[in-house]
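Here's the structure we're looking at; comments come further down.
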Amino acid sequence: MKTALVTLGRLPKGLDICRALSVAGWRVVVAEPSSKHLCGLSRSVSNSVATPAPNHDAAAYQQALLRIVADEGVSLVVPVSEEIMHASRIVPSLPDSVRWFGLDHDVLLPLHDKFRFNRLAASLGLSVPQTDLLGSDAARALVADGDVIVKPALTCSGQGLERVTKGAALPDTRSEDILVQRALNGGHSSTFSIAHEGRAIGTVVYRPVVVSDTVAVAFERLTGAVEQENWAARFIAETQHTGFISFDFVDNEDGAPCAIECNPRATSGIHFVTADSLASAILEPEMRQALAFREPTVMHQFWPLLTEIQGSMFRRGRGYGHKMKTLLTGKEVNFAWRDPMPVIAQPYAAWDIMRRAMTSGESFGEAATLDIAWFGENG
């Protein structure tokens, strides 16, 4: 039996990957800095190995991954989420017999960097909002003309995002790169794609249905969203991308989707992909011609959605009815009768993250990613 290493275990999308590989007959090992995590409760996972947190000791984290590869006889490494920017640093050190699913660090970095991604997409003739760096004359002209979004170029889960109204003063320039982006007020959508050497094997287009802070906890798959699919396919072809890649879109005043950022990793759209097609797209990407989708078009994460429902129960204008309907009619992203514990015991598995969010004032999304996200070489 071949062994795959999945490089994060705390998030629902990682569980989808673990289950897909297990169904395909692979032994699955998970690397995770937290002592308790979602995938560790799953029957699809053979072993969980604790690692240092990459944002506490990046070198020790990378050495731990290489040690797991050697000790567990790993022949495939699959990154999941924000940890990809750290985990990808091991690619040059992997034995020739071990395949890394995706691209190496230096290729991923311009995609993770929101300013560099914006410039790259614009150079390809793809629709993106006008974006400049804080402190530049162009940025000052941008806010003089309309509302803008100010955010760090290296961030995740909406951290550091601020909306500045037309004519207002921009924040003081800080040491790290901060971008100023024209604010778009149209509908939001996202894509999740799996690519192989510049070919989009398949793309899920979806939209947020319920949002907790800046992170969606319920989603709806959109059909017929050709513009977003074509945008993703063209970017993948132009950059010869391999691996997971995702984009967030906001419609401009003409109704056309503009990409506001790229996530060179898996996102919540993965929940709509069947386990069989997800496994074959990872294991035999050159053979897979399309992705197959699960039947439900609305899916949610039960515990975060339940928290949102409780928070809006006695407060007007918080969408209690809409959230309750989503809970009752949507499909839980990870629940399976043959493997129920990850959902049933998720509060236990996520307790360290929940405790941090409650004591620090951070959002759950921030608390879940702060120790694994990439904030630059010295971040």
Side-chain angles (χ1 to χ4, degrees), residues 12-13 15-17 19-20 121 126-128 184-196 198-212 215-238 241 243-282 285 287-302 304-305 319 321-336:
K13 53 196 171 185
L15 182 55
D16 280 353
I17 295 169
R19 284 174 170 169
L126 293 165
S127 56
V128 290
L184 303 176
N185 298 312
H188 290 245
S189 59
S190 299
T191 61
F192 163 73
S193 302
I194 305 179
H196 179 64
R199 177 177 64 89
I201 297 172
T203 295
V204 179
V205 184
Y206 62 104
R207 70 177 184 91
V209 175
V210 178
V211 176
S212 176
V215 178
V217 297
F219 341 87
E220 179 185 18
R221 183 169 67 85
L222 304 176
T223 58
V226 177
E227 289 180 288
Q228 291 94 323
E229 287 186 38
N230 289 343
W231 199 107
R234 184 175 166 196
F235 186 92
I236 288 167
E238 293 282 356
H241 192 84
F244 302 134
I245 189 166
S246 308
F247 303 99
D248 291 330
F249 295 89
V250 179
D251 295 344
N252 64 18
E253 58 274 10
D254 297 324
C258 292
I260 59 171
E261 59 186 62
C262 171
N263 298 301
R265 51 184 175 79
T267 53
S268 298
I270 197 173
H271 300 311
F272 293 100
V273 181
T274 66
D276 288 344
S277 67
L278 175 58
S280 61
I282 294 172
M287 303 295 292
R288 189 77 199 184
Q289 297 303 310
L291 294 178
F293 300 139
R294 298 169 67 182
E295 184 176 342
T297 57
V298 176
M299 307 192 79
H300 61 75
Q301 297 172 5
F302 173 76
L305 178 56
H322 165 68
K323 294 172 184 176
M324 180 59 75
K325 180 180 178 181
T326 302
L327 179 70
L328 296 175
T329 60
K331 167 76 173 177
E332 214 289 330
V333 297
N334 281 152
F335 184 77

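A quick note: this is a predicted structure, and the numbers were derived from the prediction, not measured.
The backbone N or O of V217 sits nowhere less than 3.5 Å from a side-chain atom of Q301 that would complete a donor-acceptor pair. Under the 3.5 Å distance criterion, the side-chain polar atoms of R294 are left unmatched by any main-chain donor or acceptor of P296. A donor-acceptor pair is defined here as one N or O able to donate and one able to accept, closer than 3.5 Å; no such pair exists between the side chain of N263 and the backbone of R265. In this structure a side-chain-to-backbone donor-acceptor pair under 3.5 Å is missing from S193 to A233. For R199 (side chain) and I236 (main-chain N/O), no donor-acceptor pair under 3.5 Å exists by modelled atom type. The main-chain N or O of L291 is never found under 3.5 Å from a side-chain atom of S277 such that the two would form a donor-acceptor pair. A donor-acceptor pair under 3.5 Å is absent between the side-chain atoms of H241 and the main chain of G198, judged by distance alone.
By the 4.5 Å heavy-atom criterion applied to side chains, E229 and V205 are counted as neighbours. For the pair T274/L278, no side-chain contact is recorded, criterion being any heavy-atom separation below 4.5 Å from C-beta on. Residues C262 and I245 are in side-chain contact: their nearest non-hydrogen atoms beyond the backbone lie under 4.5 Å apart. P257 is listed as a side-chain neighbour of D251, based on a closest heavy-atom distance under 4.5 Å. Between F247 and T203, every side-chain heavy-atom pair lies at or beyond the 4.5 Å cut-off. A heavy-atom distance below 4.5 Å is found between the side chains of I201 and P285. Residues F219 and V333 form a side-chain contact, since some pair of their non-hydrogen atoms from C-beta on lies under 4.5 Å apart. For the pair F192 and V273, the minimum side-chain heavy-atom distance is below 4.5 Å.
Once rounded to the nearest 0.5 Å, the distance linking CG of D254 with OG of S127 reads 10.5 Å. Here CD of E253 is found 9.0 Å from CG of N185. Values are rounded to the nearest 0.5 Å.
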Enumerate donor-acceptor pairs with a distance under 3.5 Å from any side-chain N or O in residues 220-228 to protein atoms, sequence neighbours excluded.
from	atom 1	to	atom 2	distance (Å)
E220	OE1	R207	NE	2.7
E220	OE1	R207	NH2	2.7
Q228	NE2	S189	OG	3.0

**OP:** Report the C-alpha distance between K331 and T297 in whole Å, list the side-chain angles of each, state the deciding distance to 0.1 Å, and finish with yes or no for side chain to side chain contact (heavy atoms under 4.5 Å, CB included).
**Re:** CA-CA 8 Å; K331 167 76 173 177; T297 57; over 6 Å; no
**OP:** Evaluate the side chain to side chain contact (heavy atoms under 4.5 Å, CB included) criterion for residues T191 and F249: first the C-alpha distance (whole Å), next the side-chain angles of each, then the deciding distance (0.1 Å), finally the verdict.
**Re:** CA-CA 8 Å; T191 61; F249 295 89; 3.6 Å; yes
**OP:** Please report the C-alpha distance between H271 and D16 in whole Å, then the side-chain angles of each, then the deciding distance to 0.1 Å, and finally whether the side chain to side chain donor-acceptor pair (under 3.5 Å) criterion is met.
**Re:** CA-CA 7 Å; H271 300 311; D16 280 353; 2.7 Å; yes
Subject >> Stepwise side chain to side chain contact (heavy atoms under 4.5 Å, CB included) test for N252 and C258 >> reply: CA-CA 7 Å; N252 64 18; C258 292; 3.7 Å; yes
Original post:
Please walk me through it: do H300 and E332 pass side chain to side chain contact (heavy atoms under 4.5 Å, CB included)?
Top reply: CA-CA 5 Å; H300 61 75; E332 214 289 330; 4.0 Å; yes
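Counting all heavy atoms, side chain and backbone alike, A266 lies closest to F244 at N-CB, 3.6 Å. Here the shortest heavy-atom pairing between L327 and F302 reads CD1-CD1, 3.5 Å. Contact between A275 and A20 at its shortest, heavy atoms only, is O-CB, 3.5 Å.
Using cut-offs of 30° and 60° on the angle between ring planes, the pair F235 and W231 is parallel.
Under the side chain to side chain contact (heavy atoms under 4.5 Å, CB included) criterion, T326 pairs with V209, V210, A218, V298, L305, H322, not counting sequence neighbours.
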